[in-house]
Amino acid sequence: MNKIKHLLGVSSILVASLPALVSGVSTVQAEDIEQLRIAVKKDRYSVDPKKFNFTTRRPAGQITETAVKPDKNFVPQGILFESWNYKNGVYSIKLREGIKFHDGQIFDAKAAIEALKLYDQGRSDFLQIDQESFTQTGPYAFTFKSEIGSSLVIENMTHRGASLFSTNGNRAENPIGTGPYLLDNYKPKQSISLKRNDDYWGEKPKVENITYHFIADDQVRLLALQNKEVDIVAEVTPQMLLSLPKDGSVVVHESRPIRYVALLANLHGKAPYDTLKDKRVREALAYAINREQLAQILFNGKGVVAKGILPNWMFGLGDNHVEGFEHNTQKAETLLDEAGWIKGSNGMRSKDGKPLELRLVAAYPNVSSVRPMPELLEQMFRGIGISIDLVQVDDSGVYDDTYLATGEADLYMEFASNNNADPTYLLYNLFHSKTPWGYQYIAPAGKLDTILDNARQAQSREDVIKHVREAHREIVQTQLAAIPILMVPNFNLSRKGLNIPMFEHADWIDYGQVTLSK
Amino acid sequence: MICAPFTKDKQMKQFVFTRTFSGIPTLFGMTLIGFLIIGLTPGDPIEMELRRLGVAFSAEQVEALRVEYGLNKPLIQRYFLWLFDLFRLDLGTSIASGRPVLELFKEHLPITATLSVLAFMSSLALSLGLGGVTAVSQRTSLSTGLYVLTMFLVSVPSFWLALFLLAVFALGLGWFKLLQFGNPQDLILPTITLSLGHSAVMSRLVRERIIAVMSEDYIRLAIAKGLTRRAILGRHVFKSILPPLITNWAISFGSLLGGSVIVENIFNLPGLGQMALQAIAERDFAILQAYLLFMGLVFFLANFVADLMNHWLTPQIKKGDNGLR
């Protein structure tokens, strides 16, 4: 049926384009699309009807909308909120008028408060709003406070998980939102289909119907694109980029680089995982990495050399707040010599009879997303006399509990990004010594904790950014808790002729605005 | 002689009764071991989920969610609670989707069952054919060729075979689609993938058994009497090789179900295997425990049926033996 719809869509586009061809119009124009099929990895669209909690997983982002979304620099920009103000610990909100839920209910202050209160029911309220503080100050205006006195609640609302649902109806079977699409059909683990909401309050989507197909296997997602069964592949691994067909039938779309590949160093490990307590060894590792070479080999040559783990364009951090490390094996060798790690006749280093061997764990988010970088790094480190015990784990639970929480490794390779408009989000959760994510062995503690606490408590965005710059510098330069390697764009693959409005955060790619070039 | 059918019937009833009751502690033991293994596996489902979603959370929030899903209780207490719920046919609720596990099973089981039965039937037919041909045509190029083929099929991983079949028959020849599911032809490639490896393993067993039986004196006598090869194979050899094969087929049915995990994942079939794989990644304990229970039941039932058939087919299994081998 989807195939027929697709063929009908393509046929109608061809028929519609005939007059233009006949009249000899030669300008490149874009066409609307009737049916767009997107391959994604996992079914994450289940909603628990009884407990509205963290299991609510972006039910097809386009059905519901968030109050705000990240702009091109990841600064919150209003969607359902027209404006907001934070003063003396109180958020004052002015809602956009003229918006209705799909069932016709007006999205006013009362509805917005009810929708926001849903986040407290599952006790997984990451927005941390003081539920007792909601006060309606007008038909489209209300105020609230943060439970923890944070000035970053609005920033956290840019997360798709903070989408606002109507309290009417069954959220599992028929989620009611304000978004540009309506749920059409949901086949668990197979596909979810959306149809355009013709009464949408905002810019009308160009795509009439969107179907997300869930395809777990990376290679099968690529095969489905090659076989013309999907139009776009939304989750792309380096392995997929390395096995693209050479005939140009598959097009790579990319955002600005946002995801970092970095080695996180164990700063507080017990023997034998205490080698990196010596900063000179961490610096030696940073200088030993040939980032240019890795950028050329991996990610279809589209990665860029990283100076930090936050991109410079994000939050307006600026180009020069961190310097990065050049590739300089001579410097690396000198640092290791100074640290007392002497090269033996076999080219490998040791100190007091102890060989310089480091355990590198590559696991997050999974092995396929970073391979073959661990092997390439192993060779680079071997070049300066460091032996690597490479552990590749394809299970984040084993990674967390066996290596991260126990500190039983020297280096942790991670491929992640700051996917939140809260500028403190990544740095705080990974590098504060009270990190809830279990990175205590990596967190430098002391001065960095103070800087991050200041960032979280700052009452203006300017102050937050100032502290974040300082924290970032401390992490990737002064303390070298993270050794940045590459910054990588967010990729999509498509058949020829599609224009995808790429965005750095995968959740915010607006597939409703995809067009087909004539 | 008049009492024989009654005695046989009584024996059979006793066998079924004993076999069923001996299976109950096995199943309980299996659920307990399964529960402990799953419970002791590294990885907290709540933390993993929250981190995957990319939301900030506090230790208090994680603890609150743990309480909500009963994960704060000691493991053994959780096991008995699960067991109590099991008697009420409540398999719990999936942490990831928030849906009852029984409902998820009802949704996913038909695909896995259909696929497994189809693959089982195909591998049965293929293994008998391949094993028979290689046994009776020993030291011929056909036999050598088929032997090499079975060796290849035994060695090749199922994910590779699946991708190969997709590349050739879906992408290359365009005979199949990757994403559609609902038509009978959508199960052809998964069935082939799942059955080829198993039929190769089983065909080698068939071959060995046939060769062994063919060298028995009574077969030589039959040949000397001038019976045709077909008659010898059909009447005598097949009957002799059947009992040990039945036991192996029963075990292989269970492994086919287990093997469907990879095949369902690659062919994108929303079956139990795919559900279990995702549950492992998400530490969705309720689903994993139910899956283990289901697999245990399947193995138990398959072996039970095999024993029953052997009991019926083999005169040597008599009173007191109970078929417990």
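Per chain, numbering begins at 1; letters A, B, ... match sequence-line order. Values below: every heavy atom of this structure, side chains too, minus hydrogens, waters and symmetry copies.
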State the [atom1]-[atom2] distance between [X] and [Y], to the nearest 0.5 angstrom.
X: B:Leu40; Y: A:Asp401; atom1: CG; atom2: CG; result: 11.5 Å
X: A:Gln226; Y: B:Leu166; atom1: CD; atom2: CG; result: 11.5 Å
X: A:Glu229; Y: B:Leu178; atom1: CD; atom2: CG; result: 4.5 Å
X: A:Gln190; Y: B:Gln274; atom1: CD; atom2: CD; result: 8.5 Å
X: A:Leu223; Y: B:Ile266; atom1: CG; atom2: CD1; result: 10.0 Å

For the student: nearest non-hydrogen atoms of A:Gln219 and B:Leu163, plus distance: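 Smallest interatomic distance, heavy atoms only, reads CB-CD2, 4.1 Å.
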Exercise: identify the closest heavy-atom pair between A:Ala216 and B:Asn268: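 It is N-OD1, 3.7 Å.
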B:Trp175 atom CH2: more than 12 heavy-atom contacts under 6.0 Å: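 Open: at most 12 neighbouring heavy atoms sit under 6.0 Å from CH2 of B:Trp175.
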